[in-house]
Asker: 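Handing you this structure, nothing more for now.
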Amino acid sequence: MRPNLRTTLLLGLVLLLNACTSQRPKYVIGVSQCSEDIWRDKLNNELKIGTYFHDDVELRFVSADDSDEKQIEQINQFITDGINLLIVAPNQVATVSPAIDKAFDQGIPVIVFDRKTNSQKFTAYIGADNFDMGRLMGEYIATKLNGKGRVLEIMGLKGSSPAIERHNGFESALKAYPNITLVASLQGDWTEESAVKAIKDYQGDLTNIDFVFGQNDRMAIGARKALLSPDSCLLTPKFCGIDGLPGEGNGIDCVRDSLLDASYIYPTHGDEVLQLAMNILEGKPYQKDNPLMAALVTKDNANVLLMQNEEMVRQGNYLNQLHERSDAYLKQLDNQQIVLVLAIAFIFLLLVLMIIIYRYHLQKARIAEERNKMEREQLDFYTQVSHELRTPLTLIEGPLSQLAETKDLQQAGAEASGLFAIIQRNTHQLTQLINKMLTVQATGSIDDLNASHQESALIESTTKTTEAEQSLTDSLSTVLIVDDNADIRAYLRTILQDKYQVNEAANGQQGLAIANEIVPDLIVSDVMMPVMNGLEFCQRVKSGTATSHIPVILLTARALSQYQIEGYESGADAYITKPFSADVLLARIGNLLKSRIVLKNLFGVENNKDHEETSNTPQTIIKEDAFLLKFRDFVEKNMADSDLSVETIGAELGLSRVQLYRKMKALTGQSPVELLRSARLQKGRELLQSTDKNVSEIAYEVGFTAPSYFTKCFKDEFGVSPSDL
């Protein structure tokens, strides 16, 4: 398929997808709330539920937060957005009217709910009769007081229609009772805090108040808190309000709990508000004035109303669930229709792309396979050449170095010494030339390893410490040589036999058998061997329970870095390339045996006289190292404490956990946790051999929390079970 055709097809699919999925609502209704509170949240939720029966309606909610300026700005934005109908609760009677008139004049139907405006430019009004509610609350209070008493009123936001109408209705009801005194009508703003402030700021006499009427429940509760404060000397008045909302801390709950004597349900009926809006938008008959019925809440009916509300909430939640499911089903249906239209096109496009990708990857894999095959063949060739050249060079350079130190050569004449020097110098030059040639040809770049210079530097840096390190090793330490070349084995035996007990094996399989039998102190192994190569041999040694602790030096002609990485990944402790220096090999062996001997003797028997006969024994060196001595003594004193931690040991030694870990790792090759476990196992072994205590008693005595775990660790450490001792 040509690129232009594929691009056109993709563009067409995208446009078709957008056309199928984008649906604009038929009607957009803006809802302008004067504030945010529980009553308005309930109304907004009922409006949303009403849209479940009108899928083509979008509601946009805004709140003015009791700000005239903000509400005017929001209404003007609705007009600019081109909404189809405006539902508005004016913050105040006069100030917001011009914005509402502007919307009406531009042909946008306007429903005024809850609060009124002083203009007649609106399509319909829906809400409760606030005047009648104020009047009914006045008559209720007069009845409760038997026509005699002192009453206080807390009014809502100044200038808002509910505050004005409720006050007028309340005042008209009290006029019929001359013995009831309206002490004051204090100004609030519908919030609890405003009622508290209004009472505290009032300079008149509020003593002996019999009843307080808050124009909503929140202000009634605020008045109750202010008048019944601990420092108040007033007699306990009664309180009532308007709104009658269910829920914790709201009007009906407060009536049930006797915090309010009564409340008046101020209905929301958001579903009726939305239905009125749809009747207007769809040209159906409607009334301009739509009063909502209200009801008085007293302690007698509060529980019944709460039960009714719980049932309504449950039904509302069930309705929401049904709506969510229906929306999900409709979306699934839409998606299925889209998939049905696009399936064939997508499948065809995917098939084309799959064929192109398959052919590309097939060709790429073929090229990569051929390249890798060539690289492997080239690398194998140079590796074999390297092995064949480096092994004879090792057997030439090594003996020449040894001959150079013999007395016969040192006493030979100038001519013989000169000839020997020529042989030695040219052998060294030949080694450098072969190293450089093999490295350059095998890697494809000139990367001079300077192997001989590195060896010389290593010899120079380690020769000074070789004798001291060798003094740490036992003269009977066992070294196992594993190499298929008999001459190399013979040469290595010549180098090592004066200092170590030497054993030999011709391949990895033989070496593994011997290692398991004699458990040598160190292994020197070639890499390229028949039957079992050195890498596999090293892995088997490191994974064996009896041999995992044995240091392994890989001695090989494979000098490239990737081979060295393989060697270390197989568990090798050192990697030396051929041809090698005998001094370097001895230094490496000495260093590895030294760390093992120091670790082995760290928790040995301190008073053993055999270890103190010479000043060069490992035990003496440990005693001379104040840090190791302090570490050992603290561990031995606190060994029985199963909660002994690295942090505790570090604090005793003045080191952090990280510092202690790094120092012990550098000194012994083991972490503090491993050393602590080894100390406990060594102590346990000593107790098993010298006391009549059973395994469980000894396990707890050396700090293990479970005998079974002690048994497992003991067997891993010593190769035998504690019960065998």
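Residue numbers run from 1 in the order of the sequence given.
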Asker: Contact between Val695 and Tyr700 at the side-chain level, heavy atoms closer than 4.5 Å - yes or no?
Answerer: no

Asker: Check whether any side-chain N or O of Arg489 sits under 3.5 Å from a backbone N or O of Asp483 as a donor-acceptor pair, and report yes or no.
Answerer: yes

Asker: Donor-acceptor check, side chain of Thr547 to backbone of Ser543, threshold 3.5 angstrom: yes or no?
Answerer: no

Asker: Under the rule for side-chain contact (heavy atoms from CB on, under 4.5 Å), what residues qualify as partners of Ile367, not counting sequence neighbours?
Answerer: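 Partners of Ile367 by the side-chain contact (heavy atoms from CB on, under 4.5 Å) criterion, ordered by chain and then number, come out as Gln363, Arg371.
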
Asker: Where the side chain of Asn533 meets the backbone of Met529, is there a donor-acceptor pair that is under 3.5 Å apart?
Answerer: no

Asker: Before accepting this row, confirm whether a basic side-chain N of the pair Glu504/Arg493 lies closer than 4.0 Å to the acidic partner's carboxylate O.
Answerer: yes

Asker: Closest approach of Arg540 and Leu512, non-hydrogen atoms and distance?
Answerer: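 The pair with the smallest heavy-atom distance is NH2-CD2, 3.5 Å.
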
Asker: So does Val720 get a backbone contact from the side chain of Asp724, meaning a donor-acceptor N/O pair under 3.5 Å?
Answerer: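 Here the side-chain-to-backbone pair does not exist.
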
Asker: Salt bridge check, Arg588 against Asp583: does any charged N sit closer than 4.0 Å to a carboxylate O?
Answerer: no

Asker: Hey, is the main chain of Ala506 close enough, under 3.5 Å, to the side chain of Gln510 for a donor-acceptor pair?
Answerer: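 Checked: pair present.
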
Asker: Has the side chain of Gln659 got a donor or acceptor atom that lies under 3.5 Å from a matching backbone atom of Ser656?
Answerer: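 Such a contact is found between Gln659 side chain and Ser656 backbone.
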
Asker: Determine whether a donor-acceptor pair (N or O, by modelled atom type, separation under 3.5 Å) exists between the side chain of Thr711 and the backbone of Pro707.
Answerer: yes

Asker: Ignoring hydrogens and geometry, is there a side-chain-to-backbone donor-acceptor pair from Lys542 to Ile550 under 3.5 Å?
Answerer: yes

Asker: Look at Lys373 together with Glu369 and state whether they make a salt bridge at an N to O cut-off of under 4.0 Å.
Answerer: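 Looking at Glu369 together with Lys373, the answer is no, because their closest N to O distance does not fall below 4.0 Å.
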
Asker: Looking at Arg677 and Asp716, is there a salt bridge between them, counting it only when a charged N and a carboxylate O are closer than 4.0 Å?
Answerer: no

Asker: Keeping the roles fixed (side chain from Glu697, backbone from Asn694), state whether a donor-acceptor pair exists under 3.5 Å.
Answerer: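 The answer is yes, because a donor-acceptor pair under 3.5 Å joins these two groups.
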
Asker: Distance from Met354 atom CE to His361 atom NE2, nearest 0.5 Å?
Answerer: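 Met354 CE to His361 NE2: 11.5 Å, rounded to 0.5 Å.
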
Asker: Taking atom CG of Leu628 and atom CG of Leu653, what is their separation to the nearest 0.5 Å?
Answerer: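 Here the interatomic distance stands at 10.0 Å.
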
